[in-house]
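First comes the structure, then the notes that go with it.
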2 protein chains.
Amino acid sequence: MAARKIHEVRRADTTALKERFRQFLTELGMRMTTQRDLIIEVFFRAKGHLNIDELYQQIRQIQPGTGYATIYRTMKLLVKCGLAVERHFGDGQTRYEHVPHDTHHDHMICLKCGSIIEFFNPEIERLQDAVASQHHFQLAHHRLEMFGYCKNCR
Amino acid sequence: MAARKIHEVRRADTTALKERFRQFLTELGMRMTTQRDLIIEVFFRAKGHLNIDELYQQIRQIQPGTGYATIYRTMKLLVKCGLAVERHFGDGQTRYEHVPHDTHHDHMICLKCGSIIEFFNPEIERLQDAVASQHHFQLAHHRLEMFGYCKNCR
DNA sequence: TTGTGTGCAAACGATTTGCAGTACC
DNA sequence: GGTACTGCAAATCGTTTGCACACAA
């Protein structure tokens, strides 16, 4: 029951993402294709940071004819569309990560009008983890508050 | 007078950095060389994020015989030594930035013993600036506190 | 039907590496 | 004096691109 629910939520998410991508493509006079559809499917079903080769391997199991170039080209589009982010560790390869839509977020606080802008930056999150582990620190939670002046008050 | 003082501080800094690097090399059974010395000199005198080619151009003006490979190899060593950090923007090139030793820092706080670890992560700082400007937010200051368990308490 | 997308292979460009000579310690 | 370092050029490897054919709109 619970598993089924999760599955449904997942499916819905992927569909919405595809719709958003299709819209993005249309605006640029581009087309949705079976390859792009499949790449989104595989990318968003997978966990963690995938490099092109990992995507390629998984995609070739479903559509053996797919080429590297298509995956490269599609991932660039997903980044441009805002559905994925590039990540560089130190191994010379580009890795891709979902843009998460989690509940956790940090805050920007306007010193003049007091308005609060919520944001979430996966790269900052990752770096916090990295810093913690460098110091052998077991991270429980964190708080990042950025103070300044919002668009209207600056 | 003030300028002179700054100059002295700068010189002292570079010397200290070289000493630190020499020590690092010695520990690994490696040697300081005129090339490495010069690369440090140029790198730490320069501002901002330099790519290999920019370093190469500057270094060739002083020591025309220097090769690309040496610069690549030395910058990797500086990173390993903790004096430089790699930075990837999106242009396919690696850029290098000094590890700053500023006064600003953030905190990790142990929930058990209350000990505080200060840290400074230039990448987090940069990302905060990026997030702020994405939201047209003029950043004044920030506070990053990470809570968890220190090495001894975890 | 009309482009736009794809797969392939070749091209590209940043980085690494093998090697013979050089220079630190 | 022995060994690590350098410069050069070739090799490597991730990524991009040109082109002829395929397919979405």
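B:Glu41 and B:Lys18 are joined by a salt bridge, as a carboxylate oxygen and a charged side-chain nitrogen come within less than 4.0 angstrom of each other. Ion pair B:Arg95/B:Glu54 flagged as a salt bridge, since at least one NZ, NE, NH1 or NH2 atom sits closer than 4.0 Å to an Asp/Glu carboxylate oxygen.
The distance between atom CD1 of B:Ile40 and atom C1' of D:dC5, rounded to the nearest whole Å, is 15 Å. The distance from atom CD of B:Glu86 to atom C1' of C:dA14 is 12 Å, rounded to the nearest whole Å. Here the P atom of nucleotide C:dC12 and the CG atom of B:Asp53 are 18 Å apart, to the nearest Å. Rounded to whole angstrom, the span from the CG atom of B:Leu38 across to the C1' atom of D:dC5 amounts to 15 Å. With rounding to whole Å, B:Ile71 atom CD1 is found 16 Å from D:dC5 atom P. The distance from atom CZ of B:Arg95 to atom P of C:dG13 is 16 Å, rounded to the nearest whole Å. Residue B:Met75 contributes atom CE, which lies 14 Å from atom P of D:dT6 at whole-angstrom precision.
Sorted by residue number, the members of residues 25-37 of chain A with any non-hydrogen atom under 4.0 Å from DNA chain C read A:Gly29, A:Met30, A:Arg31, A:Thr33, A:Gln35, A:Arg36. Listed by residue number, B:Gly65, B:Thr66, B:Gly67 are the residues of residues 55-67 of chain B with a heavy-atom contact under 4.0 Å to DNA chain D.
Using bins of under 30°, 30° to 60° and over 60° for the plane-to-plane angle, the ring pair A:Phe44/A:His98 lands in the tilted bin.
Looking at every heavy atom in both residues, A:Met146 comes nearest to B:Ala132 through CE-CB, 3.8 Å. Shown here for B:Phe119 and A:Val131, the closest heavy-atom pair between the two residues is CD1-CG1, 3.4 Å. Across A:Met75 and A:Ala84, no two heavy atoms sit closer than the pair CE-CB, 4.5 Å.
Between A:Glu125 and A:His142, the closest side-chain pair of non-hydrogen atoms falls below 4.5 Å. Between A:Tyr149 and B:Phe137, every side-chain heavy-atom pair lies at or beyond the 4.5 Å cut-off.
A:Thr33 contributes a side-chain N or O that, together with a main-chain N or O of A:Arg36, makes up a donor-acceptor pair within less than 3.5 Å.
Annotation: the span from B:Arg73 atom CZ to B:Leu78 atom CG amounts to 14.0 Å, rounded to 0.5 Å.
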Write out a two-atom table: protein N or O, nucleotide N or O from nucleotides 16-19 of chain C, distance below 3.5 Å.
from, atom 1, to, atom 2, distance (Å)
C:dT16, OP1, B:Lys76, NZ, 2.7

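Of the N and O atoms on the side chains of B:Asp53 and B:Tyr68, at least one donor lies less than 3.5 Å from an acceptor on the other residue.
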